[in-house]
Amino acid sequence: MKPSDLSFHSPQRQSPAAVIFILITFLRRSVRRFWFLFLFIFFQKGESRTTYFLGLLIVISVLQLASSLIHYFRFYFYIEGDELILESRRLQTTRTNIPFDRIQTIEFEQGILHRFFNVVKVQIDTAGSEKAEMSLDALEMERAEALRSFILTQKAQYAALTGEEGELVEEEQVFVPTPPQDELLLELEPGELLRVGLAQNHLRTAGIIVGFFLGLYQYVDEFISWDREDVTQYVVGIEGSAVVLTVLGVIPLLLLAAVVVSVVRVVFRYYGFKAWKTARGLKLQAGLLTRREQAATRSKIQLIRWYQTLFELRMGISRVRLFQAAGNAVKKKEALTLPGCHDAHRDMLNEVLLSKEEQLSLAAHTVSRKIILRRVLFRGILPAIGLGIATASPMGYAAGLWILLIPFNIWTARRYHDRFQLLINEYSVQIRSGVWGYRGVILPWYKIQAVRLSSSPFERRHGLSTVRLATAGGTVRIPFVPDTLAHSLADFALYKVESSQKAWM
Amino acid sequence: MLFDNPSIHPQDLPAVEEALWQPLHRTYLKRQLLGLAIGQTFLLIAGIVAVSIMSMWGKLWLVLGGILLWVAQTLLRWILVRKGFAKKAYALRERDLLYRSGLFWQQMLVVPFNRVQHCSIQEGLLDKVYGLASLRVYTAGTSGSDLVIPGLEPHNAQRIKDFLINRTVQDEAI
């Protein structure tokens, strides 16, 4: 099948493989709804009831298969004018019209099953409408590609026709370039992927693991009530110092587990990672089991954040996350992540996403030293007191060791302040901070939606304010800024937004 | 010249604190105090019911302590509402709308007209008693970037809303 043979003007069905995916969706939904029935069958001793429920189960499955088939055979999609139409002709016919200029992105997703059948799930994201996401369960690769390029070309043509001012431009001037070949920006080799995995924040992973097991313990505890007495006796029986020794023994094991989990997570998520520069922005593809393809138009990206753990800093790589505008709420999954970016990649990304001016050199400012006091109070003194009281009974005098948190935090808070940088130029504001590694954000002024100035009693006593710059892709917070700087920041941000003719999306 | 781009001195920019601040309508204070009175009454009733159910009327010190706590809380909230009212104000400039509030944790939110998505006028039950309305201005920003001005007279709220929509349409036409 050549793309030129593909016309979408006549109603057509999805790939036959779609039946399987529709069925899976139905099954998943009914399992979620009827799981307690399964539990019932499982715990029911009576023979007759079991067969009764088994019969019910079979009936449900047959009905689901039937409805999946109906759903498949009575679902059509086609293009009419400059609209994509999804039509479901079951008992009642529902037609969903999606005008091309409403379509923000068209993304493909490919799980293992999808890959087996060589099909993709097509997700169409329309910003701002009531139903923000529509999808086709399964479409052959060629057909999906053809559909996407057709819609996007039409969309570009429409935009060129109407022009920036909304006036109709003369026919002859309309020049619709054939989409240029996408340029590969970044590709992660397996070795590089492993390095990215090893450079993750393992302490955080360890925290997640501990949290997971604590949660599991609570869950199990609720269902199977242990012999509580036994457990308590066992715990009480151990001396305070023994607890400390046990904890010290467990920590290396936990760290090892954290490293393994981090690496596995990174490999699953970013296996075969590739990023391309496209005509409209970026395209990403990654995933071991489920291969996701994400695309972002330049105008839709509101914020660029980047992160570096201590290890990543040493290796000279960073993770870049691009936050997009998504209707009225930002969904975390809408953020695009590019792991393992070297400085050269970062520069390339900035070149793709920002204008030349937005990358110009910046004037550096810093936050007040008073932020050290706040960080020591909230991260050192208060936790030390809380943990000391909470662990006083099992640890005895050893609980006093928590006091060491305070000098440690004085050191980290000073380092945080010394490394904090607020960089401003005519076109963008950038922040970089971090105690061990770095985290940063780049925000072009005109992407700002609202400006908030606030001050706590402590801040006011020292002539400080907090500035919040809200965008459609998240809010950037700048704490403990001297009042004069905070006010001129706000005034300048408002001036840039209010005098800007550029569309923020 | 394709476009001009004169240099700007930060000192020459209009400063937010110099905006013409408008206080909220006086009756909004009454509306807030009525709301407070209703809330505290419910709290008192809930306390009485709880003590009755647990039949703890005998424990005099507990009951007295509870009442004292309730009185102190009511007084504190009363003072906070009265003092806080004076801090609430809005300002309308040629290109943006401002609202500030907060007694201890002070804040000011500014929404430029060319970033307004839409606006709505809301009249709650208590608002209706005092003939008040609040104006809500929505932006595309994440949570906390919608601007709400309470305690407006309905016709005033409508006027600001019309002005906002007018400005937004003008901006889009440019």
Side-chain angles (χ1 to χ4, degrees), chain A residues 127-128 165-166 302-303 323 325-331 357 363 424 426-427 446-460 465-477 483-505, chain B residues 2-19 83 87 91 93-120 136-148 167-174:
Chain A
E165 277 81 31
Q302 306 289 316
L303 272 181
F323 288 82
N328 249 336
V330 182
K331 293 171 243 160
E357 294 87 359
I424 298 165
E426 286 256 335
Y427 303 93
Y446 75 97
K447 298 276 187 186
I448 291 172
Q449 300 285 335
V451 178
R452 190 188 286 271
L453 278 170
S454 62
S455 57
S456 66
F458 179 79
E459 281 176 308
R460 230 175 8 267
S465 295
T466 294
V467 185
R468 282 186 183 82
L469 305 170
T471 77
T475 299
V476 173
R477 182 170 151 271
D483 272 337
T484 43
L485 178 60
H487 278 95
S488 52
L489 250 172
D491 292 337
F492 190 70
L494 290 168
Y495 160 70
K496 290 308 281 189
V497 171
E498 286 159 13
S499 63
S500 164
Q501 300 296 330
K502 241 166 150 180
W504 57 273
M505 194 172 91
Chain B
L2 278 171
F3 74 108
D4 61 340
N5 189 12
S7 298
I8 298 284
H9 273 289
Q11 299 95 311
D12 298 342
L13 288 174
V16 279
E17 64 263 42
E18 285 163 18
K83 295 256 181 199
K87 293 279 179 190
R93 298 196 298 180
E94 208 172 307
R95 289 169 183 279
D96 45 31
L97 182 63
L98 298 78
Y99 179 69
R100 70 170 187 210
S101 64
L103 189 59
F104 294 113
W105 274 266
Q106 293 179 356
Q107 55 176 320
M108 172 166 67
L109 182 63
V110 191
V111 174
F113 294 151
N114 57 356
R115 293 293 183 268
V116 171
Q117 293 283 319
H118 62 277
C119 19
S120 66
R136 194 180 190 105
V137 179
Y138 298 87
T139 71
T142 36
S143 60
S145 58
D146 292 342
L147 190 146
V148 186
R167 296 299 305 208
T168 319
V169 170
Q170 263 180 33
D171 267 327
E172 260 158 31
I174 291 169

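Here is how names work: the chains are called A, B, and so on, in the same order as the sequence lines, proteins then strands, and each is numbered from 1. Just so it is clear, the values below take in all heavy atoms, side chains as well, and ignore hydrogens, waters and symmetry mates.
Of the N and O atoms on the side chains of A:Thr475 and A:Arg468, not one donor lies less than 3.5 Å from an acceptor on the other residue.
In this structure, chain B has heavy atoms under 4.5 Å from both the backbone and the side chain of A:Leu453. B:Leu98 does not touch chain A: none of its heavy atoms, backbone or side chain, sits under 4.5 Å away.
Between B:Pro14 and A:Tyr495 there is no side-chain heavy-atom pair separated by less than 4.5 Å. Side chains of B:Phe104 and B:Gln106 form no contact here, defined as non-hydrogen atoms less than 4.5 Å apart.
Annotation: maximal heavy-atom pairing with chain A below 4.5 Å, among B:Arg115, B:Glu17, B:Met108, B:Gln107, occurs at B:Arg115. Counting heavy-atom pairs closer than 4.5 Å to chain B, the top residue among A:Gln302, A:Arg460, A:His487 is A:Arg460. If you tally non-hydrogen atom pairs under 4.5 Å between each of A:Ser456, A:Ala470, A:Ala450, A:Ser455 and chain B, the highest count goes to A:Ser455.
Residue B:Leu147 holds its CG atom at 8.5 Å from OH of B:Tyr99, rounded to the nearest 0.5 Å. We find the OG-CD distance between A:Ser454 and A:Glu459 to be 6.0 Å, quoted to the nearest 0.5 Å.
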